[in-house]
Amino acid sequence: MNIEFINDAYTKDGLRLPMVHFESNKKDICVIITHGMCGTIIDNYFATVWGKVLTKSNIGLIYEHNRGHSIENDLVSIDGTFKRYGCMYEIFEECLLDIDLAIKTAKKIGYKRIFLAGHSYGCNKTIYYYYKKKPDILGIIFASAPDMVGIHKLLQPNFRSLLEEAKINIKSGNENKLLSTLVEDYMYMSSKTYYNWYNELSELNNLPIIENPELWEQFSCIDVPILAFSGENEEWYYKRFDVMKEKVKNSEMFFSYIIENTGHTYKNKELETANIIIEWIDKIKRL
């Protein structure tokens with residue numbers, strides 16, 4: 001098994017996004033993972049285990065930094081300048097450019113068939129990507145997929161006043177101004193990002209488990225096999241696979257698991273989740 005960092009890949013808008021590549025000897029199937037909110041490609045140990053296990057079955061894995069990695073970062077542009085991003089400043093719709101780059105990189109390496117995977121907030125990006133791009137992929141893996149907007153409304157009682165504050169800042173030309181209070185008690189967020197994520201018509205509201213409206217426009221368009229799992233110790237809204245299954249086009253192609261005695265990053269169950277992925281991919285290959 002060969003593990004390499006890819007540091008020379010740039011998005012269409014010129015941002016360098018590093019990736020870690022667990023290389024398969026057979027260049028056939030590759031799983032591409034989009035990390036979660038404020039995450040990085042080095043802080044989720046489960047992905048390392050998945051890469052090691054998958055490569056033993058001749059499946060490659062690419063884990064890509066996206067522009068929202070960490071709470072705040074400075075990304076190198078192709079012209080040598082830096083641009084301020086991170087979770088505080090990212091715009092949800094720009095995830096299309098980041099996932100495009102990962103798929104392009106996988107194909108450049110030589111992989112012929114792709115599975116997309118998301119962890120946490122990365123699942124919402126994967127849903128949106130499929131909705132907008134309809135890529136030629138074998139299936140999608142949702143690891144602890146969240147109702148980002150619904151959860152925020154539960155955890156942020158003053159979200160309406162923060163939304164109004166963000167709108168005022170944007171109208172006055174201060175879109176990068178940080179909101180006056182912490183978001184969900186752990187991070188500050190720019191006005192433009194907060195409004196982008198939580199406005200009434202937000203594209204991020206694509207897995208509405210909690211409110212569960214009749215129409216799930218983005219999620220219901222998925223017509224490839226889905227694997228979804230969450231840890232038993234996660235909150236209830238990460239485990240409503242019955243609701244998710246009702247909304248997909250091909251419910252018979254929806255497979256879900258609750259991983260016992262673990263949480264959001266599958267501590268001590270990294271190998272178990274890796275084996276679930278392997279078994280599911282083998283099943284999909286036979287369809």
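Reckoned from all heavy atoms, side chains included, excluding hydrogens, waters and symmetry mates.
The list of salt bridge (Lys or Arg N to Asp or Glu O under 4.0 Å) pairs with a residue in residues 29-58, not counting sequence neighbours, is empty. Applying the salt bridge (Lys or Arg N to Asp or Glu O under 4.0 Å) rule to pairs touching residues 200-214 yields K153-E211, sequence neighbours excluded.
With values rounded to the nearest 0.5 angstrom, T34 atom OG1 is found 11.0 Å from I62 atom CD1. How far CD1 of I259 is from CG of N233: 11.5 Å, rounded to the nearest 0.5 Å. The distance from atom CD1 of I127 to atom CG of N206, rounded to the nearest 0.5 Å, is 4.5 Å. From N2, atom CG reaches atom OG of S24 across 11.0 Å, with rounding to the nearest 0.5 Å. In this structure, the separation between CD on E175 and CG on N169 is 10.5 Å, given to the nearest 0.5 Å. Atoms CG and CD, from L154 and E184 in turn, are 9.5 Å apart once rounded to the nearest 0.5 Å.
Placement of I6 and L97 in two distinct hydrophobic clusters is found when ILVMFWY residues are connected by side-chain heavy-atom separations under 4.5 Å, directly or transitively. A continuous path of ILVMFWY side-chain contacts below 4.5 Å connects I170 to F159, so both sit in one hydrophobic cluster. Hydrophobic clustering (ILVMFWY, side-chain heavy atoms < 4.5 Å, transitive): M88 and F92 are in one cluster. Taking hydrophobic clusters as Ile, Leu, Val, Met, Phe, Trp and Tyr residues chained together by side-chain heavy-atom distances below 4.5 Å, F142 shares a cluster with Y130. L96 and M37 fall within the same hydrophobic cluster, where Ile, Leu, Val, Met, Phe, Trp and Tyr residues are linked whenever their side-chain heavy atoms come under 4.5 Å apart, directly or through other members.
A donor-acceptor pair shorter than 3.5 Å cannot be found between the side chains of S230 and Y257. No side-chain N or O of E272 forms a donor-acceptor pair with one of Y266 less than 3.5 Å apart. Between the side chains of S120 and H264, at least one donor-acceptor pair of N or O atoms lies under 3.5 Å. With 3.5 Å as the limit, one finds no donor-acceptor pair spanning the side chains of E90 and N196. When only modelled atom types and interatomic distance are considered, K192 and N176 share a side-chain donor-acceptor pair under 3.5 Å. Side-chain contact annotation: S191 with E165, donor-acceptor N/O pair under 3.5 Å absent. Between N44 and Y63, the side chains place a donor N or O and an acceptor N or O closer than 3.5 Å (distance only, hydrogens not considered).
Scanning for side-chain hydrogen bond (donor to acceptor under 3.5 Å, both in side chains) contacts around K27 gives E23, with sequence neighbours left out.
For the pair L162 and L179, the tightest heavy-atom approach, listed with the atom from each and the gap, is O-CD2, 3.9 Å. When all heavy atoms are compared, the tightest approach of C87 to T193 is O-CG2, 3.6 Å. In terms of heavy-atom proximity, E260 sits nearest to E232 at CA-OE1, 3.4 Å. Taking all atoms of both residues into account, the shortest heavy-atom contact from P146 to Y121 is CG-N, 3.8 Å. The two residues K239 and G231 come nearest to each other via the heavy atoms CD-O, 3.7 Å. The two residues L54 and G60 come nearest to each other via the heavy atoms CD2-O, 4.4 Å.
The aromatic ring centres of H69 and Y85 sit 6.0 Å or more apart.
Using a 4.5 Å heavy-atom cutoff, the side chains of V224 and L138 are not in contact. Proximity of M189 to M187: side-chain heavy atoms (C-beta onward) are separated by under 4.5 Å at one or more points. A 4.5 Å side-chain heavy-atom check between L163 and Y194 finds at least one atom pair inside the cut-off. The shortest distance between side-chain heavy atoms of V20 and E4 does not fall below 4.5 Å. Residues I137 and P135 form a side-chain contact, since some pair of their non-hydrogen atoms from C-beta on lies under 4.5 Å apart. Here the side chains of T55 and I3 are not in contact, with every heavy-atom distance at 4.5 Å or above. In this structure, the side chains of F115 and I32 stay at 4.5 Å or more apart for every pair of heavy atoms. Within the 4.5 Å cutoff, the side chain of K247 has heavy atoms near those of the N212 side chain.
Looking at T11, V76, L101 one by one, the single match for side-chain contact (heavy atoms from CB on, under 4.5 Å) with R16 turns out to be V76. Among I59, L61, I114, the one residue that satisfies the side-chain contact (heavy atoms from CB on, under 4.5 Å) test with I29 is I59. The salt bridge (charged side-chain N to carboxylate O under 4.0 Å, His left out) with E94 is formed by just one residue from the set K12, R67, K125; it is R67.
Looking at D223 and K134, no side-chain N of the basic residue comes within less than 4.0 Å of a carboxylate O on the acidic one, giving no salt bridge. Using a 4.0 Å cut-off between charged side-chain N and carboxylate O, R84 and E72 make a salt bridge.
Looking only at distances, no side-chain donor or acceptor of H119 sits under 3.5 Å from a matching main-chain atom of I33. Here the side chain of T81 pairs no donor or acceptor atom with the backbone of S77 at under 3.5 angstrom. Judged by distance alone, the side chain of T262 and the main-chain N or O of K267 form a donor-acceptor pair under 3.5 Å. Within the 3.5 Å criterion, the main-chain N or O of G150 finds a donor-acceptor partner in the side chain of D147. With hydrogens and angles disregarded, no donor-acceptor distance shorter than 3.5 Å links the side chain of N250 to the backbone of M253.
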One pair to check against side-chain contact (heavy atoms from CB on, under 4.5 Å): M148 and N205. What are the steps and the verdict? CA-CA 7 Å; M148 288 285 290; N205 194 17; over 6 Å; no
Could you walk me through whether D28 and Y111 satisfy the side-chain contact (heavy atoms from CB on, under 4.5 Å) test, starting with their C-alpha distance in whole Å, then the side-chain angles of each, then the deciding distance to 0.1 Å, before giving a yes or no? CA-CA 5 Å; D28 181 18; Y111 293 106; 5.9 Å; no
Stepwise side-chain contact (heavy atoms from CB on, under 4.5 Å) test for W280 and I141: CA-CA 10 Å; W280 176 73; I141 300 166; 3.5 Å; yes
Before giving the answer on side-chain contact (heavy atoms from CB on, under 4.5 Å), spell out for H21 and I109 the whole-Å C-alpha distance, their side-chain angles and the decisive distance to 0.1 Å. CA-CA 10 Å; H21 172 216; I109 291 169; 3.8 Å; yes
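Using cut-offs of 30° and 60° for the angle between ring planes, the W50 and F229 rings count as perpendicular. Note: H152 and Y198 have parallel aromatic rings, judged against thresholds of 30 and 60 degrees for the angle between ring planes. Using a 30° and 60° split on the angle between ring planes, F254 and F241 fall in the tilted class, from 30° to 60°.
Counting non-hydrogen atoms of neighbouring residues, nucleotides and ligands closer than 6.0 angstrom, the CD1 atom of I284 exceeds 12 such neighbours. Summarising the local packing, CG of D242 is surrounded by more than 12 heavy atoms from other residues, nucleotides or ligands at distances under 6.0 Å. No more than 12 heavy atoms of other residues, nucleotides or ligands shown are found within 6.0 angstrom of CG on N25. Within a 6.0 Å sphere centred on CD of E252, other residues, nucleotides and ligands contribute more than 12 heavy atoms. Enclosure of atom NZ in K285 by more than 12 non-hydrogen atoms of other residues, nucleotides or ligands within 6.0 angstrom is indicated.
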